[in-house]
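Before any comments, here is the structure.
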Amino acid sequence: VAGQSVTLSGFEDLDPVMADKLNADWTVSRVVDDATFVIDVTSAIPSTTVETTRTGGGPGGEIGVAAPTDQWKEAMFSAQRGWPQAVAVHTGRLWFGGSITYGQSMAASQPSSFFSFDEGTGDTGDAILMVGGDGSNLIRHLFSSSDLCVFGVSGEAIVPSADEPPTPDNKRLLQQTGYGSSFTAPVEYDGAILFVDGSGLRVREFIFDDKVRGFTAPPVSMLAPELIARPREAVVYSGSKAGATPLCMWVNEDGPPALFHSQRAEGAAAWFSWDFGGELVSAASDDGILLLAVRRSFGDRTFISLERYASDGAIMTDCARRVTRGASARWSAPFFAGQTVDVHDPDDGFIAQVAVNSSGLFDLPPGYDEVIVGLPFEWRVVPLPPNIDTMAGPTRGRMQRIASLTVSLHRTRGLYVDGTFIVSRSAEDMSGAPRAIDGHVKTSVMGWSRDPAPVISGSGSLPATLLGIAMEVVG
């Protein structure tokens, strides 16, 4: 019982240095079960010098002592039974789940004691062991939010935590939806948890719905299903102070990454694809910085370059590098040998598009000491066909024409609207650089179609910011 005095001996073979301190009389501080009790050695020995396995995890000075017994428990996670594939820190506990043998079970450590999984007597401060619902629902991901969200092979569930933290006494697992989850880890973006469902072809948002008093998982990629191709990872970019737009990126197994931007408060969402001219291997984001590992091929050279997203949008080019003019009259950029590149002035923007010869040399007009050289960047925006509710029903699928299209622009020097070049120049001086456009520009779009979708495009040679699109539809 707790408080009873015990004598320990036989530590000579285990720890000769500390044997004289350990071979002594101790007081039992806690009884774990009929076969195990715990003694407190903090007052006599610093915990960092104790080589015997400690219970309690973290800082402490407890030594678990086992009495002779024929009752044994096998570890839940091991090389034999498998290791957990899902992990999360939630309500001060370390949660594990999804091993091969116990795929539907979870284990949570004691609060603020990540190395202690002692279930004890089931008190509030003891570890938690729970079964994760249907035995066929192998747990793939654990995600800590207001509740602990559990994503499995065949469905999604939660461990309620919003009102009170889970304990051994009140632990519950509540099934929510049944779409299943892929191996791509879920991410939190714009107030929802985004995950790729079991098909690997749809992105859904796991979000609480007041109407049903539970979580739902509607698809958010239905606007552009062709962009999702079994993503292997997802990255959330929070934007930057320089004005870069927050977005969520999925690195596809095949093809360019899919990017999603959402403004839930305004009911706006958009999908787009980002083609780097190479294969996106991986991506990472932290503190307003987005890093991309891109596999590229220049002729017979194949390499992976680590590239940082230019959050200020000042230089619109890919795989950019700074080049300083040398003593020669020609510029040298051997990295881009045999490539066509865009050349930018770091302060004044686009200079020219040039071809770099096989020796890595190219020519520029005089007057520059340092330039930024990179692969040409082109962009294209294709809005969804208009679908207007009229007295005769929705217009989607009916013959209709976009009579005019108005684009809202900011600091834009030029772009194309269905092949029509939009630029602002002074009638008195056509030789100067285009003035930046701030405001609305209206243009006509010709032709009838059942799904009219005008194309708005541009390149890195002329900076452009597209704020919005308005269409006048006749049909």
Side-chain angles (χ1 to χ4, degrees), residues 32-36 53-58 64 66 69-123 125-145 147-161 165-186 193 195-200 206 215 217 230-233:
V32 178
D33 52 40
D34 292 340
T36 309
T53 300
R54 293 185 290 110
T55 66
T69 181
D70 57 1
Q71 302 296 318
W72 297 90
K73 292 183 179 180
E74 187 175 352
M76 183 176 181
F77 304 125
S78 66
Q80 179 68 23
R81 296 296 180 184
W83 302 103
Q85 63 175 316
V87 61
V89 175
H90 182 70
T91 62
R93 298 177 184 265
L94 180 63
W95 293 74
F96 288 119
S99 68
I100 295 176
T101 305
Y102 302 102
Q104 73 279 8
S105 298
M106 292 181 290
S109 71
Q110 295 180 350
S112 303
S113 191
F114 294 162
F115 295 97
S116 176
F117 288 82
D118 181 5
E119 295 178 76
T121 59
D123 292 336
D126 288 329
I128 300 174
L129 177 64
M130 61 190 304
V131 176
D134 185 354
S136 64
N137 191 21
L138 171 66
I139 296 172
R140 283 187 169 168
H141 309 287
L142 298 175
F143 195 95
S144 177
S145 185
D147 301 300
L148 179 65
C149 302
V150 182
F151 295 89
V153 171
S154 59
E156 297 72 52
I158 62 168
V159 177
S161 315
T167 66
D169 184 55
N170 69 3
K171 61 185 181 183
R172 292 181 300 155
L173 187 82
L174 303 181
Q175 193 71 26
Q176 301 296 301
T177 55
Y179 298 104
S181 176
S182 71
F183 284 107
T184 307
I193 301 171
F195 71 101
V196 180
D197 68 18
S199 71
F206 194 61
F215 282 80
R230 293 179 173 82
R232 56 176 176 263
E233 68 177 352

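Quantities reported herein were computed from a predicted structural model and do not represent experimental measurements.
In this structure, CG in Leu138 is found 8.5 Å from CD in Gln104, a value given to the nearest 0.5 Å. Met106 contributes atom CE, which lies 6.0 Å from atom CG of Leu148 (distance to the nearest 0.5 angstrom).
For Glu233, the side chain to side chain donor-acceptor pair (under 3.5 Å) criterion is met by Ser282, not counting sequence neighbours. Legend: residues meeting side chain to side chain donor-acceptor pair (under 3.5 Å) with Asp147, ordered by chain and number and at least two apart, are absent. The ring-ring contact (aromatic ring centres under 6.0 Å, His included) check on Phe215 picks up Phe206, Phe208, with sequence neighbours excluded. For Ser99, the side chain to side chain contact (heavy atoms under 4.5 Å, CB included) test picks out Phe77, Tyr102, with sequence neighbours left out. Partners of Thr121 by side chain to side chain donor-acceptor pair (under 3.5 Å), not counting sequence neighbours, listed by chain and number: Asp123. By the side chain to side chain contact (heavy atoms under 4.5 Å, CB included) test, Ser144 is found to be paired with His90, residues two or more places apart in sequence or in another chain being considered. Legend: residues meeting side chain to side chain contact (heavy atoms under 4.5 Å, CB included) with Leu174, ordered by chain and number and at least two apart, are Ile158, Pro160, Arg172, Gln176. The side chain to side chain donor-acceptor pair (under 3.5 Å) search around Thr167 returns Asn170, not counting sequence neighbours. Taking the side chain to side chain contact (heavy atoms under 4.5 Å, CB included) definition, one finds that Pro168 meets it with Arg93, Asp126, Ile128, sequence neighbours left out. Residues passing the salt bridge (Lys or Arg N to Asp or Glu O under 4.0 Å) test with Arg230, sequence neighbours excluded: none.
Of all heavy-atom pairs between Ala127 and Ala108, the closest is CB-O, 3.2 Å. A pairwise comparison of heavy atoms in Cys149 and Ile193 identifies SG-CD1, 3.6 Å as the closest pair. For the pair His141 and Ser182, the tightest heavy-atom approach, listed with the atom from each and the gap, is NE2-O, 2.8 Å. Taking both residues in full, the closest heavy atoms of Gln85 and Gly98 are given as CG-O, 3.2 Å, listed atom of the first, atom of the second, then distance. When every heavy atom of Glu156 is checked against every heavy atom of Gln175, the shortest pair comes out as O-NE2, 3.2 Å. The two residues Asp197 and Ser199 make their nearest non-hydrogen contact at OD1-OG, 2.6 Å.
When Tyr179, Phe183, Phe195 are each tested for a ring-ring contact (aromatic ring centres under 6.0 Å, His included) with Phe151, only one passes: Phe195.
Side-chain atoms of Ser109 come within 3.5 Å of backbone atoms of Leu94 as a donor-acceptor pair (strictly under, hydrogens ignored). Between the Asn137 side chain and the Val153 main chain, a donor and an acceptor come within less than 3.5 Å of each other. Looking only at distances, a side-chain donor or acceptor of Thr184 sits under 3.5 Å from a matching main-chain atom of Pro231. Gln110 places no side-chain N or O within 3.5 Å of a backbone atom of Phe117 that could act as its donor or acceptor partner.
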